Amino acid sequence: MHEAIKQMLSRYPLGTVDEGVNALRELTQELALLGLWRARFFEHAAFYGGTALRIFHGLDRFSEDLDFTLLKQDPDFQLARFTDSLSRELQGFGFELEVTTRKKAVDTAIQSAFLKGNTRHQLLEIGIPRELASLVHSGQKLKVKLEIDTDPPPSFSSEMQTLLQPIPFAVRVCSPPDLFAGKLHALLFRRWKSRVKGRDWYDFVWFVGRGTPVNLSHLEQRMRQTGDWEGSKALMPEDLFEALEKVIRDLDVDQARNEVRRFLRNQDALALWSQDFFHDISRRVTISGV
């Protein structure tokens, strides 16, 4: 095992299969970010979403995917240009993962790629005890999805942040108020039919607990892009609070709680979850610049 991977792995408890898989996924994510940095990807794009919160802002839950946005619209941008660098980086640290891009079935500004490999094999490669790795089904696949929005909604800012392992490198990350705006857009308008993404609600509480204000202008631009806000009227704080009240009234709290459990080490925070709890949290949201 590469010495840098050994050092990175020391950050994690590894007493269960879930802990081992979560550690493996997060190491894979950070190596992918390193490969993108080497390819100068962050001259064009910024990192956002739950994994950005986890890696750069200390969100205390695990996350699955890597989400990016271009800094400005570019319909000719090709994520596939950067996959060779990803493959080389992963292979250089002993990871046997296939990197593939997905051909779009419909016309969309979102481009996707996937890192895939055998979970049990990769656990053994990073030094997880054989008796623990053997509990994973031999055919189980580790999968990390990368997505980039090539038609980003405007009114957001970003900053370069540094990771020190496996070597020092820099990643461009959306600012916290813009990350909060993206999370609120997902929470309010995610198209999951009758399913609930409890991770959205967990992150919502996390943002409010840290006192992070939301960039309302960026939220409005996201809503306009998806057709959830139209007309000449600007999105006002009272519009946001009204939308939050409505979605909370319709929230299946038990489903939200169950969806997020596997991403948490400590589930004590879920005990308080109820519609009344989320109504209280929503009233504590602050607006950037107000």
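Position 1 is the first residue of the sequence, and the numbers go up from there. Values in this document were obtained by computation on a predicted structure and should not be read as measured data.
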Could you go through Ser63 and Leu53, starting from their C-alpha distance and side-chain angles, then the distance that decides it, and tell me whether this counts as side chain to side chain contact (heavy atoms under 4.5 Å, CB included)?
CA-CA 9 Å; Ser63 186; Leu53 294 176; over 6 Å; no

Candidates Leu216, Val214, Val285 - the one meeting side chain to side chain contact (heavy atoms under 4.5 Å, CB included) with Pro237
Leu216

Taking C-beta and beyond as the side chain, do Thr69 and Ile148 meet within less than 4.5 Å on heavy atoms?
no

Would you give the length of the straight line joining atom CG of Leu187 to atom CD1 of Ile248, rounded to the nearest 0.5 angstrom?
7.5 Å

Would you give the length of the straight line joining atom CD of Glu98 to atom CG of Leu90, rounded to the nearest 0.5 angstrom?
12.0 Å

Salt bridge present between Arg262 and Glu64 (N-O < 4.0 angstrom):
yes

Can Phe241 be reached from Leu251 by stepping across I, L, V, M, F, W or Y side chains whose heavy atoms are under 4.5 Å apart?
yes

Assess whether side chain to side chain contact (heavy atoms under 4.5 Å, CB included) is satisfied between Trp201 and Leu270, documenting all intermediate values.
CA-CA 10 Å; Trp201 292 95; Leu270 305 181; over 6 Å; no

Considering residues, nucleotides and ligands other than Glu242, do more than 12 of their heavy atoms fall under 6.0 Å from its CD?
no

Ion pair Glu19/Arg265, N-O distance below 4.0 Å:
no

What I want to check is whether the side chains of Ser175 and Asp178 have a donor and an acceptor closer together than 3.5 Å.
yes

Do Phe277 and Val205 come within less than 4.5 Å of each other through their side chains, counting heavy atoms only?
yes

Before accepting this row, confirm whether a basic side-chain N of the pair Arg222/Glu220 lies closer than 4.0 Å to the acidic partner's carboxylate O.
no

Do the side chains of Leu86 and Leu146 get nearer than 4.5 Å, heavy atoms only?
yes

Between Phe263 and Tyr202, is the ring centroid distance below 6.0 Å?
no

With the 4.5 Å side-chain cut-off for hydrophobic clustering, are Val208 and Leu264 part of the same group?
yes

Any chance you could lay out the salt bridge (charged side-chain N to carboxylate O under 4.0 Å, His left out) test for Asp250 and Lys246, step after step, and finish with the verdict?
CA-CA 7 Å; Asp250 297 335; Lys246 181 180 184 302; 3.5 Å; yes

Is it true that Arg195 and Glu259 make a salt bridge, defined as a side-chain N closer than 4.0 Å to a carboxylate O?
no

Between Phe77 and Phe82, is the gap from one ring center to the other below 6.0 Å?
yes

Hey, is Lys233 close enough to Asp239 for a salt bridge, meaning N to O under 4.0 Å?
yes

Separation between CD of Glu89 and OG1 of Thr28, rounded to the nearest 0.5 Å
12.5 Å

Under 4.0 Å between a side-chain nitrogen and a carboxylate oxygen: does that hold for Lys183 and Asp200?
yes

Hey, could you give me the NE2/CZ distance between His44 and Phe68, rounded to the nearest 0.5 Å?
13.0 Å

With a 6.0 Å cut-off (strictly less than), is the heavy-atom count around CZ of Arg11, excluding the residue itself, greater than 12?
yes

Aromatic Phe169 / basic Arg38 pairing, under 6.0 angstrom, 45° off normal
no

Gln111 and Glu147: side chain to side chain contact (heavy atoms under 4.5 Å, CB included), yes or no, with the steps?
CA-CA 6 Å; Gln111 294 184 21; Glu147 284 194 343; over 6 Å; no

Would you kindly confirm whether Ile167 and Leu36 end up in one hydrophobic cluster when ILVMFWY residues are joined by side chain heavy atoms under 4.5 Å apart?
yes

Do Leu124 and Leu115 share a hydrophobic cluster (ILVMFWY, side-chain heavy atoms under 4.5 Å, transitive)?
no

d(His218 NE2, Leu179 CG) to nearest 0.5 Å is 8.5 Å

From Gln73 atom CD to Asp149 atom CG, the distance as rounded to the nearest 0.5 Å:
9.5 Å

Is the backbone of Glu26 close enough, under 3.5 Å, to the side chain of Arg54 for a donor and an acceptor to pair up by distance?
no

Check: His185/Thr226 side-chain N/O donor and acceptor closer than 3.5 Å:
yes

Say whether Leu71 and Tyr48 are linked into one hydrophobic cluster, either directly or through other cluster members, by side-chain heavy-atom distances under 4.5 angstrom.
no

Before you tell me yes or no, could you show the steps for Arg61 and Asp203 under salt bridge (charged side-chain N to carboxylate O under 4.0 Å, His left out), namely the whole-Å CA-CA distance, both residues' side-chain angles and the distance that decides it to 0.1 Å?
CA-CA 9 Å; Arg61 72 162 178 87; Asp203 298 354; 2.7 Å; yes

Output, in order, the C-alpha distance, side-chain angles, deciding distance and verdict of side chain to side chain contact (heavy atoms under 4.5 Å, CB included) for Leu27 and Phe95.
CA-CA 10 Å; Leu27 264 60; Phe95 283 63; 4.3 Å; yes

Glu245 and Ser282: side-chain donor and acceptor closer than 3.5 Å?
yes

Under the criterion ring-ring contact (aromatic ring centres under 6.0 Å, His included), I'd like the reasoning laid out for Phe42 against Trp37: C-alpha separation, chi angles, the key distance, then a yes or no.
CA-CA 6 Å; Phe42 296 108; Trp37 171 74; 9.0 Å; no

